[in-house]
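In the text below, chain A, chain B and the rest are named by the order of the sequence lines, each starting its count at 1. This is a predicted model, so every value here is computed, not measured.
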Amino acid sequence: MFDIDSYFRDFVDKEEIFQDRDVLRPEFIPKLLPHRDLQIQKIAEIVACTLKNSMPSNIFLFGKTGTGKTAVVNYVSKHLNLQCREFGMTESKWIFLNCQQVNTGYRILAKICGEIDPSDPVPIAGWPIDVVFDKLIDKINQQVQGNCFIVLDEIDVLVKNARKKSQDTLYNLVRINSRLKTAKVNIIGISNVLNFKSELDPRVISSLGEEEIVFPAYNAVEIKDILEQRAEKAFAPQALDPEVIPLCAALAAKEHGDARKALDLLRKAGELAERRNAKVVTPQYVYFAQDNMENDKMKEYCEALPLQSKTILLSIYQMERHLQQEAVITGDVYNAYTEITEMIPGMNRLTQRRVSELIRELDLSGMVNARVKSNGRYGRTKFIKLNIPLSDTRKYLNSESRFADLIEYRPICLREKTTNLSGKKYRKLM
DNA sequence: GATCCACAGGAAATTAAGGGTC
DNA sequence: GACCCTTAATTTCCTGTGGATC
């Protein structure tokens, strides 16, 4: 039997790999941000006028994931407030919102209200949006002195989710200053999507995109510098093999220069070495960590899927397993899905339109590959393929108790060698 | 060149749930 | 409790698409 108490005691006593593993987490802001001088300088030049009680321009930051956009804004905010304190001025209020989590216009306004005055929060739903907006104006007028920066991270998600209403909120936010007495609000939009501006309302672009800064992806040498800076604090002396950092940097640079991924990889490699009581993190642990992270990601994603998406994945699994070399198309998946939903008590059946949408989501997640292809007079449809091995898919699906008797099921539509749609039968495409 | 297929996918409408005000 | 609001999920309706076949 596993002795948890002695395990914890041994853990504390054993020789340490890490000095401070939190240094490798994305939330950690170091004293220096390597290879981001230009971007720091540009933002500093824009926001510096707050030190002379002027209002800076709104800013748009573009760049792929893990290029340091949020870290740079955080860094500038800390240093600006430090200077405010030194000059005896009122510090600027910085509100950071991630639009992936706070993804509607109403919630953005409610969240900002809550950040400004936590003692009087806006309910999560129920109020007309103009009432929330008026409340926000009151709060800012009462509680904010000087400048207030609202940082909207992943702003592209907000626009994609509910175009019209969210864009109205953005439009109102960028024009909020006309209704404020003394405080001034500035918006900093951060986006991973470079062409995202083309989806924005022209009214919002003209106000929001006053200044634009692009964050290029890091190359392997730059990622290596970042890792070395963090590793010095994160790991115990002699705990890292000299080949580990160049390897992590090279692997991350290959994947679009994502520094966050490189830091995750290095931390995970350290944790694996620690769990195996190794004294040194070697390149072998980096490869272990890479495999581990991929598997963990897929497993977690699959287990967290709603039942409907899981059922669609099960349908794709069954079709691919039994058809082998033949192509799996949307119609076939829908037929199998229809059969399975009838076998799960209490489960409702979605329309083909919705199922097609969920297949697209599975495609975006990387679990399956769905490409639209025309087959001439046999129509245009998605050709679907699992992106993970059948055995792994089976393992992930097995965790769903309602699929216990369905994993081995062979759909009737397969046995018939025809596909059934709108009450008519068609021969299979391939 | 016209026709046809099997959808894809956009847009609007509907439904349900959670919450508020009066 | 009636009515209003927002949000998310889903349905319904519709037009568009690309290439094999006629």
Side-chain angles (χ1 to χ4, degrees), chain A residues 97-114 120-136 138-139 157-173 198-201 304-312 315-316 319 323 326-338 341 344 346-365 368-385 413 416-430:
Chain A
L97 299 177
N98 188 315
C99 301
Q100 188 86 51
Q101 287 139 19
V102 188
N103 57 3
T104 65
Y106 181 97
R107 284 185 189 159
I108 295 265
L109 298 178
K111 184 87 179 165
I112 299 170
C113 279
D120 182 20
V122 171
I124 58 166
W127 285 11
I129 202 150
D130 56 319
V131 175
V132 185
F133 195 67
D134 288 346
K135 176 122 179 158
L136 174 64
D138 284 348
K139 293 267 176 220
V157 177
L158 182 69
V159 178
K160 265 184 228 152
N161 274 358
R163 279 162 195 254
K164 182 73 182 77
K165 288 209 166 178
S166 298
Q167 295 224 24
D168 284 350
T169 307
L170 269 181
Y171 179 64
N172 286 329
L173 263 181
S198 61
E199 293 180 28
L200 270 179
D201 188 324
L305 280 174
L307 182 62
Q308 291 287 2
S309 297
K310 260 189 211 169
T311 310
I312 292 165
S315 314
I316 298 170
M319 298 305 289
L323 281 174
E326 292 178 55
V328 178
I329 62 167
T330 307
D332 290 337
V333 172
Y334 188 67
N335 289 335
Y337 162 83
T338 306
T341 52
I344 300 175
M347 187 173 176
N348 60 327
R349 190 204 314 170
L350 300 176
T351 57
Q352 188 159 345
R353 173 72 185 87
R354 182 65 188 143
V355 168
S356 171
E357 197 72 27
L358 293 177
I359 292 174
R360 200 158 72 114
E361 283 175 20
L362 289 173
D363 176 41
L364 288 173
S365 77
V368 307
N369 186 291
R371 292 286 158 266
V372 179
K373 211 173 133 193
S374 176
N375 228 42
R377 67 176 292 122
Y378 300 111
R380 185 169 164 266
T381 182
K382 281 194 185 97
F383 283 70
I384 307 154
K385 224 174 138 16
C413 57
E416 288 179 342
K417 280 281 179 189
T418 56
T419 187
N420 197 338
L421 205 77
S422 312
K424 289 185 217 161
K425 276 185 184 169
Y426 296 94
R427 72 178 177 82
K428 286 201 147 306
L429 293 181
M430 288 177 156

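- A sub-4.0 Å separation between OP1 or OP2 of dT10(C) and a side-chain N or O of Thr351(A) is absent.
- By the neighbour-count criterion of 12 heavy atoms within 6.0 Å, atom NZ of Lys382(A) is densely surrounded, having more than that number from other residues, nucleotides or ligands.
- Dashed line: the shortest gap from a side-chain N or O of Thr330(A) to OP1 or OP2 of dA8(B) is under 4.0 Å.
- As judged by a 4.0 angstrom heavy-atom cut-off over every strand, Arg371(A) is placed among residues making no nucleic acid contact.
- Nearer the 5' end of DNA chain B, as judged by each residue's closest nucleotide, is the contact made by Ser356(A), out of Pro123(A) and Ser356(A).
- Using a 4.0 Å cut-off, some side-chain N or O of Arg354(A) falls inside it from OP1 or OP2 of dT10(C).
- Contact annotation: Lys382(A) does not reach the phosphate of dC7(B) (side-chain N/O to OP1 or OP2, under 4.0 Å).
- A donor-acceptor pair is defined here as one N or O able to donate and one able to accept, closer than 3.5 Å; no such pair exists between the side chain of Tyr106(A) and the backbone of Val132(A).
- Using a 4.0 Å cut-off, no side-chain N or O of Lys373(A) falls inside it from OP1 or OP2 of dT17(C).
- Arg107(A) has a side-chain polar atom (N or O) that falls below the 4.0 Å cut-off from OP1 or OP2 of dA8(C).
- Judged by distance alone with a 3.5 Å cut-off, no donor-acceptor contact links the side chain of Arg360(A) to the base of dG9(B).
- In this structure, Ser356(A) contributes its side chain and Gln352(A) its backbone to no donor-acceptor pair below 3.5 Å.
- Side-chain to base pairing of Arg353(A) with dG10(B): one donor and one acceptor N or O lie within less than 3.5 Å of each other.
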